[in-house]
Amino acid sequence: MNTIDALTFRKLFLDGANNLSNNKEYINELNVFPVPDGDTGTNMTLTIMAAAADVKEQQNPTIDTLAKAISGGSLRGARGNSGVILSQLFRGFCKEIRGKKELTLVDIAAGFERGVETAYKAVMKPKEGTILTVARGIAEKASELVQADETRPIVEFADEVIAYGEDVLEHTPELLPVLAEAGVVDSGGQGLIEILKGILAGLRGEEIEDKTGAPVRLARGAGILEDVPKARPSYPEKHASGSGNDSISTADIKFAYCTEFIILLDRELTDEEVEGLKEYFLSIGDSLVCVADEELVKVHVHTNHPGNAFEKGLEYGSLTRMKVDNMKEEHSERVSMEQEKQRAEAQEEAFRQIKYERNAEKNQNVESAGKKPEAPKKPELPPKKYGFVAVAAGTGISDILKEIGVDVVLSGGQTMNPSTEDVLNAVAEVNAENVFVLPNNKNIILAANQAASICKDKNLIVIPSKTVPQGISAMIAFAEGLDAEKNRAEMTAALSAVKTGEVTFSVRDTSVDGKSILKGDIMGINDNGIAVVGKEIPDVALRMVDVMMDDEAGLITLYYGEDTTKEDAEALAGKLQEKYPEVDIDLHDGGQPIYYYVISIE
């Protein structure tokens with residue numbers, strides 16, 4: 001075989017995706033930093049499975065429809081730096097193969113080259129010794145082989161390309177000293193090799209199944225693994241609307257049906273046509289997310305006429321992933337379940353449904369029993385000038401962010417990096433012309449930037465905050481009277497005004513920055529990396545603060561996590577106050593997982 005038709009391409013992509021999924025835990029173990037986080041294997045798997053879900057729907061595929069599915073699915077499902085880079089490799093490859101009836105070695109080699117070019121452009125400061133290096137090596141080897149003989153069997157070609165890619169991977173520690181110290185190769189590069197190994201096995205006639213036992217399900221247009229929790233936004237009470245706020249009446253839901261679908265375009269739309277689509281959808285609803293690329297348009301709109309939205313979409317192509325939810329029914333169900341939980345928590349499970357039904361009936365009777373008519377609804381307010389989305393975990397930290405002006409706190413962070421589509425959905429909830437996004441984690445910045453590049457109906461501005469204290473500092477620096485670009489500059493400058501330290505535990509044995517770390521050790525991590533390693537939480541926290549302190553420090557803020565008691569946090573605060581009597585100590589219940597303490601110094 002020296003060409004690949006559409007059905008074979010579909011099978012090979014799924015083989016590659018499943019092989020990555022089967023090896024994701026091994027890839028996770030290659031991560032240098034021993035913190036519990038949204039690891040590389042998990043993020044790459046979630047990204048490729050988002051595309052795999054779309055590919056599985058292609059029962060009578062063409063190269064074009066598969067390219068659209070892979071590019072669009074991975075773009076919106078991308079999580080973490082590794083997932084975003086992988087999505088860009090796919091995106092470039094798929095652009096190159098558009099219009100092909102079948103793929104030759106020349107097409108594949110050209111696709112590799114364009115994928116690498118696209119991925120390198122997506123990263124502001126590309127670092128060698130990473131997945132980018134491995135991908136570039138693979139592309140260079142593919143081109144070399146094609147130039148020598150473009151008629152060779154594809155299995156032979158793939159075998160040589162992968163062997164060379166593995167050789168490049170083995171040399172990544174020479175390019176990144178941190179890999180050499182930990183004694184591992186780059187995890188992202190390993191993930192890419194596992195995808196290609198799955199494809200090679202498929203070329204040899206094997207059927208690679210997902211052995212993780214995790215079925216693929218669809219959620220908001222992207223396939224994700226069932227065993228990994230979906231990061232979802234939590235909505236502040238003052239700003240929530242529609243079904244996102246349990247405290248409002250269903251009468252406040254202006255548009256009843258949450259309508260979602262994807263248009264598989266017959267042709268690429270002009271910017272004017274995309275704007276026309278958005279204007280139409282806004283004329284029949286609100287809460288619009290309309291994201292277009294060369295091959296497809298993803299639509300999310302709240303409307304009273306889903307059929308009209310579908311009909312409009314059909315003017316530009318075929319529809320897939322159509323989904324309609326009645327938000328009034330969902331809202332009523334959620335409110336009633338919350339009331340039931342409060343009233344029947346200590347009761348037997350058999351009585352809970354009875355109480356639910358009685359409570360629902362009682363509420364219905366009260367509503368119809370001569371209450372004063374509701375005041376007329378206020379007209380919907382026009383978009384405000386500025387809005388804010390922040391990523392964070394922990395109820396206490398979420399509340400603090402809302403108190404200082406954040407409209408939507410997107411649940412996520414170290415243990416689950418939100419996808420590009422998660423960011424877009426959160427931004428859609430903010431009724432503002434300019435929306436600032438605070439990732440508050442270095443592994444989420446690329447996904448946020450990717451969301452900004454495809455968000456057309458709002459000015460999405462990413463402030464590259466790497467920690468929650470940096471995000472808080474940026475919010476405090478915001479000034480309503482400045483324009484968007486000046487605020488971007490001021491908020492970005494504020495990131496350097498705060499030092500951040502985090503106390504957590506090690507999930508694996510490793511060596512980083514000359515420090516030997518064992519599984520279960522307590523680590524103090526500051527802006528420069530792992531600063532302190534020890535066995536006791538208070539000791540590590542105190543020593544880390546010592547490393548971070550300087551003569552200009554005037555405030556130490558402690559956010560204690562869900563696994564830390566208030567008494568322990570107060571004891572630590574007392575020791576810090578005793579040691580640094582001239583510095584103010586501020587203590588908050590952050591409620592964050594993973595980290596016993598998040599500590600900021602200003």
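Treat the numbers as computed from the prediction; the structure is a model and nothing was measured.
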Heavy-atom side-chain contact between S74 and I48 under 4.5 Å: no
Test Y316 against R267 for side-chain hydrogen bond (donor to acceptor under 3.5 Å, both in side chains), laying out the working first. CA-CA 8 Å; Y316 298 93; R267 58 177 175 79; over 6 Å; no
More than 12 heavy atoms of other residues, nucleotides or ligands under 6.0 Å from CG of D149: yes or no? yes
Would you say the side chain of T259 lies within less than 4.5 Å of the side chain of V299, judging by non-hydrogen atoms? no
Looking at I208, is its backbone amide N or carbonyl O close enough to the side chain of D15 to form a donor-acceptor pair, meaning the two atoms are under 3.5 Å apart? yes
Are more than 12 heavy atoms from other residues, nucleotides or ligands located less than 6.0 Å from atom NZ of K11? yes
Tell me if a side-chain donor or acceptor on N417 pairs with a main-chain N or O of I444 at a distance below 3.5 Å. no
How would you list, by chain and number, every residue that makes a ring pair (Phe, Tyr, Trp, His ring centres under 6.0 Å) with Y26, sequence neighbours excluded? none
Side chains of E96 and E113, heavy atoms from C-beta outward: is any pair under 4.5 Å? no
Does the side chain of T133 pick up a donor-acceptor pair with the side chain of E128 at under 3.5 Å? yes
Is the backbone N or O of Q470 less than 3.5 Å from a side-chain atom of S473, with the two atoms forming a donor-acceptor pair by type? no
One pair to check against salt bridge (Lys or Arg N to Asp or Glu O under 4.0 Å): R114 and E117. What are the steps and the verdict? CA-CA 5 Å; R114 190 160 181 182; E117 178 185 345; 5.9 Å; no
Between I4 and L12, is there a side-chain heavy-atom distance shorter than 4.5 Å? yes
For the pair E433 and K458, evaluate salt bridge (Lys or Arg N to Asp or Glu O under 4.0 Å) and give the outcome as yes or no after the intermediate values. CA-CA 5 Å; E433 298 171 6; K458 296 176 182 177; over 6 Å; no
Kindly say whether E140 contributes a backbone atom to a donor-acceptor pair with the side chain of S143 at under 3.5 angstrom? no
Whether the S21 and D210 side chains hold a donor-acceptor pair (N or O, under 3.5 Å, no angle test) is what I'd like checked. yes
Ring pair (Phe, Tyr, Trp, His ring centres under 6.0 Å) contacts in which one or both residues fall within residues 62-116, not counting sequence neighbours: F13-F90, F93-F112
Without swapping roles, check the side chain of D167 against the backbone of Y164 for a donor-acceptor pair under 3.5 Å. no
Look up atom CG in N81 and atom CD1 in I445, then write down how far apart they are to the nearest 0.5 Å. 7.5 Å
Return yes if a side-chain donor-acceptor contact under 3.5 Å exists between T151 and N2, otherwise no. no
Give a yes or no on whether the backbone of A484 and the side-chain of Y386 come within a donor-acceptor separation of less than 3.5 Å. yes
Decide yes or no for V155 and L200: does some side-chain heavy atom of the first lie under 4.5 Å from some side-chain heavy atom of the second? yes
So, the side chain of N28 versus the backbone of T42: is there a donor-acceptor pair under 3.5 Å, distance only? yes
In terms of side-chain heavy atoms, does E209 have a donor or acceptor partner in N18 at a distance below 3.5 Å? no
Using a 4.5 Å cut-off on heavy atoms from C-beta on, say whether the side chain of V437 contacts that of I463. no
Hey, does the side chain of E206 reach the backbone of L203 with a donor-acceptor pair shorter than 3.5 angstrom? no
CA sep, side-chain torsions, deciding dist, call: E57, T320, side-chain hydrogen bond (donor to acceptor under 3.5 Å, both in side chains): CA-CA 9 Å; E57 292 184 353; T320 186; 2.9 Å; yes
Over all heavy atoms of both residues, which pair between Q190 and L169 is shortest? Give the atoms and the distance, please. OE1-CD2, 3.2 Å
Would you confirm whether N22, through its side chain, and K211, through its main-chain N or O, come within 3.5 Å as a donor-acceptor pair? yes
Is it the case that over 12 heavy atoms from other parts of the model lie below 6.0 angstrom from the CD atom of E268? yes
Evaluate the side-chain proximity of D159 to R204: yes if any heavy-atom separation is below 4.5 Å, no if none is. yes
Taking atom CG of L7 and atom OG1 of T62, what is their separation to the nearest 0.5 Å? 10.5 Å
Verdict with supporting geometry, K519 and D509, salt bridge (Lys or Arg N to Asp or Glu O under 4.0 Å): CA-CA 5 Å; K519 182 177 180 179; D509 296 347; over 6 Å; no
Checking side-chain hydrogen bond (donor to acceptor under 3.5 Å, both in side chains) for the pair T118/Q88: CA distance, chi angles, key distance, verdict? CA-CA 6 Å; T118 304; Q88 292 300 312; 5.6 Å; no
R76/E421 under salt bridge (Lys or Arg N to Asp or Glu O under 4.0 Å): CA gap, chis, key distance, verdict: CA-CA 5 Å; R76 286 156 183 77; E421 189 170 32; 5.3 Å; no
Distance-only donor-acceptor check, side chains T40 and N43, under 3.5 Å: no
Any side-chain heavy-atom pair of I63 and E102 under 4.5 Å: no
Is the NZ atom of K312 crowded by more than 12 outside heavy atoms at less than 6.0 Å? yes
